[in-house]
Amino acid sequence: MTAEPAPAGAPTPSDFIRDAVASDLAAKRHAAVVTRFPPEPNGYLHIGHGKAICINAGIARENQGRFNLRMDDTNPAKEEAEYVDAIIADVQWLIAGWADHCLCLQEKGARPVAHTVNGKADFHLVGAAGQAKAAALLEPFHASNYFDALYEFALTLIRQGKAYVCDLSPKETDEYRGAPDKPGRESPYRHRSVAENLDLFQRMKTGEFPDGARTLRSKIDMASPNVWLRDPLLYRIRHASHHQTGDRWCIYPLYDYAHCLSDYIEGVTHSLCSLEFTVHRPLYDWILEQLDLPRPRPHQYEFAKLITTYMITSKRNLLRLVNEGVVSGWDDPRLPTLSGIRRRGIPASAVRNFAIGAGVTKYDSVTEIAVFEHHIREELNLSSARRLAVLRPVKIVLTNLAPGETVECEATNNPQSDTPTTRKIALTREVFIESDDFAEVPPPKYFRLKPGGEVRLKYACIISCQEVVKDAAGAVTEIRCTAQLDTRAGQANADKKVKGTIHWVSVSQGVSVETRLYDRLFTVPEPWTAEDLRTFVNPRSLETVTAIVEPSLRDARPGECFQFERLGYFTPDAKDSAPGRPVFNRTITLKDTTIKAVAKAGTHSSP
RNA sequence: UGCCUGGUGGUGUAAUGGUAGCACAGGCGACUUUGACUCGCCUAGUCAUGGUUCGAAUCCAUGCCGGGCAGCCA
């Protein structure tokens, strides 16, 4: 768990939020920077959350601060413990080696304790960052851990005459609220006495009233142009079991009330969230202001969320794809969930570079998926070992090699390495090549194998095509070639040039492996605008083939990334691989200008 | 018709009163035992109109266009 050194020459990100943090620090408004990432455990994290994590963790990291992982679990109806574990794993994966030393969790079982600061009542809970405590003794913060503190704060608001118990039904509450362009009306229960409010609120807590019968509301301004200031609800009654607190509570705080106070309780200094919460900020500030709190108050700043073409990131839509079986689960490699992305073989660093590069602004932008793909290839190109694999095989017979004869060849593991290593691979009489790499009737500018043509087998030698053998149906069954063994590395004609170099795998030594070729899940760049998402699901987003790979790949393990030369990057699937029997996921293809070159040649040569 | 926010090449993002730059995408070329990588070159932008100023993407005014907000969701 060491911090990754900042890339040489990489400028420190600068944006309006970082400017605000720097100015707060300069003015000594806070002793240290504390940010937070507060997901609701009602689904898996996706790449949009990834951006929020990168911003919150990144700012903590740049200021030697910490960032709290908190489950925003105030709604028992929608949340599940299963999601908590997935969220923790995804966050840790995303920041490993980068900001994990800033990640702050709390001691198991810890709760904020009431105490007095400068004569004022307070609740405070500080966690442990990095490895200050053994991981087994830590857990994420939970808003539900603050229910007692939140209840006490609510009592304070009632005593101050800033909150009241309202008996309006949900429908009536809605009607009384008015509309953005017309003021609301005051609830008939708005002027109850403090004593009555206290009594009713306590009875709400003890379970005397059914769901929806009463609420606790703040008393602000029913005529405010900001609808979120029209006496917003603080508590609702829900006789439901909560995944953390069980049946201890039947009243649950709402987001606006719980969030600002959770931030305060944890000592958060900068609460960074997405733009849709901007209209809630006056309420965030109002609640904290009323309570006359002894410690510095947190402040909320909003940034534009990450939206990427061909991806959907709404939990509703994601859940639907999962439930309807369009994908195999939350971690389907085609999904932009962090679990899916990880399973697909995309490095966390690529996600971070993408998220950070998207910037921190207040403009709702749509980032092209090509940028993400660029970052994926950039990382994988540097780190992936090269291997030979054939996805759609066609057989070549090297007629001048004897059956059983092997010609040892040396292959480079990673040409991008400063000190490249090599491995041995065997050329045999029969090898598979990619069916795309042979064309009986080649288009113009076709560099690969064709009747009477020559091509180099990568790391081996140049071969000449002599004869094409077909079955009764006219399908090519084998291509008979001669190997020019003196064009191997180190031989007399090693420097002989041919236009094309192709990959291959020995028929006798190759291993068959299930390989999953993933493509974009949607056929249109902005699927979220669709009436029905399923209309634009790409029917070819997953194709499964039996690939033939070089023998060393039999031992590939999940977590390892390979470049199958000329094809793309592949990684063993973490769920379906077994020792000695990997199942490969294609992370992404190599950039391919072949199509363009051939198409262009075709265009030029046609009338 | 209310309030809050925004508007810089195709896309994303810098420039904080002083030469509009970077990245992705696109185009052309070089290199190449990956049609990859790498390298070079090119295309293309300040929403509009006024104003302030020696000088405006930046400040002011007006207009236009976009996004968000009316859950007992977060």
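In the text below, chain A, chain B and the rest are named by the order of the sequence lines, each starting its count at 1. Worth knowing before you read on, the calculation uses all heavy atoms, side chains too, and leaves out hydrogens, waters and symmetry mates.
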Mind checking [X] for me? I need base, sugar-phosphate or nothing, with any heavy atom below 4.0 Å counting as a touch.
| X | value |
| --- | --- |
| A:V498 | nothing |
| A:N75 | sugar-phosphate |
| A:P415 | base |
| A:R386 | base |

Which nucleotide wins on minimum distance to the side chain of [X], given the candidates [options]?
| X | options | value |
| --- | --- | --- |
| A:K591 | B:C37, B:U33, B:C72 | B:C37 |
| A:W228 | B:C4, B:U34, B:A74 | B:A74 |
| A:Y363 | B:U34, B:G7, B:A74 | B:G7 |
| A:T367 | B:A70, B:C24, B:G12 | B:G12 |
| A:K362 | B:G6, B:A36, B:C69 | B:G6 |
| A:R448 | B:G35, B:G68, B:U33 | B:G35 |
| A:D181 | B:U13, B:U1, B:C72 | B:U1 |
| A:T593 | B:G35, B:C73, B:G12 | B:G35 |

Checking side-chain polar atoms at under 3.5 Å, does [X] have a donor or acceptor matched by the opposite partner on [Y]?
| X | Y | result |
| --- | --- | --- |
| A:R586 | A:T515 | no |
| A:H503 | A:E434 | yes |
| A:R386 | A:T412 | no |

When only distance counts, do a donor and an acceptor, one from the side chain of [X] and one from the base of [N], lie under 3.5 Å apart?
| X | N | result |
| --- | --- | --- |
| A:E302 | B:U5 | no |
| A:E368 | B:G10 | yes |
| A:R566 | B:U34 | no |
| A:H503 | B:A36 | no |

Does [X] make a side-chain N or O approach to OP1 or OP2 of [N] shorter than 4.0 Å?
| X | N | answer |
| --- | --- | --- |
| A:R387 | B:U34 | no |
| A:T361 | B:U13 | yes |
| A:T74 | B:A74 | yes |
| A:R236 | B:C73 | yes |

Next item on the list: Enumerate the residues from residues 310-320 of chain A whose closest heavy atom to RNA chain B is under 4.0 Å, giving them by residue number; use none for an empty result.
Entry: none
Margin query: Please give me every residue in residues 374-384 of chain A whose heavy atoms get under 4.0 Å of an atom in RNA chain B, ordered by residue number.
Written below: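 Of all residues in residues 374-384 of chain A, the ones placing a heavy atom under 4.0 Å from RNA chain B are A:H374, A:N381.
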Taking the six-membered ring for Trp, are [X] and [Y] ring centroids under 6.0 Å apart?
| X | Y | value |
| --- | --- | --- |
| A:Y255 | A:H259 | yes |
| A:Y235 | A:Y257 | yes |
| A:F147 | A:Y252 | yes |

Rounded to whole angstroms, how far apart are [atom1] on [X] and [atom2] on [N]?
| X | N | atom1 | atom2 | result |
| --- | --- | --- | --- | --- |
| A:R230 | B:G71 | CZ | C1' | 15 Å |
| A:D364 | B:C69 | CG | C1' | 13 Å |
| A:I425 | B:U34 | CD1 | P | 13 Å |

Margin query: Does anything in residues 203-214 of chain A form a salt bridge (Lys or Arg N to Asp or Glu O under 4.0 Å)? List the pairs, not counting sequence neighbours.
Written below: A:D167-A:R214, A:D199-A:R203, A:R203-A:E208
Check: Which pairs with one or both residues in residues 174-186 of chain A pass salt bridge (Lys or Arg N to Asp or Glu O under 4.0 Å), sequence neighbours excluded?
Finding: A:K171-A:E175, A:D174-A:R177, A:E186-A:R190
Is the shortest distance from a Lys or Arg side-chain nitrogen in [X] or [Y] to a carboxylate oxygen in the other one below 4.0 Å?
| X | Y | value |
| --- | --- | --- |
| A:D263 | A:R70 | yes |
| A:K496 | A:E454 | yes |
| A:E550 | A:R423 | yes |
| A:R36 | A:E266 | no |

Item checked: Of A:A304 and A:E565, the one whose closest RNA chain B nucleotide lies more 5' -> A:A304
Checklist line | A:D174 vs A:Q416, nearer the 5' end of RNA chain B by closest nucleotide | finding: A:Q416
Next item on the list: For nucleotides B:C47 and B:A57, find the distance between their P atoms and express it as a whole number of Å.
Entry: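 To the nearest whole Å, 10 Å.
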Next item on the list: Please report the C-alpha distance between A:R448 and A:I433 in whole Å, then the side-chain angles of each, then the deciding distance to 0.1 Å, and finally whether the side chain to side chain contact (heavy atoms under 4.5 Å, CB included) criterion is met.
Entry: CA-CA 11 Å; A:R448 293 159 281 167; A:I433 65 164; over 6 Å; no
Check: When the ring planes of A:F354 and A:H375 are compared, do they come out parallel, tilted or perpendicular, using 30° and 60° as the limits?
Finding: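 The arrangement is tilted - the two ring planes meet at 30° to 60°.
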All N/O contacts under 3.5 Å from nucleotides 16-19 of chain B to the protein, with atom names and distances to one decimal?
unit_1 : atom_1 : unit_2 : atom_2 : d
B:U16  : O4     : A:D19  : OD2    : 3.4

Notebook entry, point to check: Ring of A:F447 versus six-membered ring of B:G35: centres under 5.5 Å and planes under 30°?
Noted result: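 Base of B:G35: stacked against A:F447.
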Margin query: In dot-bracket form, 5' to 3', how is RNA chain B paired? Count Watson-Crick and G-U wobble pairs only if both distances fall under 3.5 Å, and write | where the partner sits on another strand.
Written below: .((((((..((((....[..)))).(((((.......)))))....(((((..]....))))))))))).....
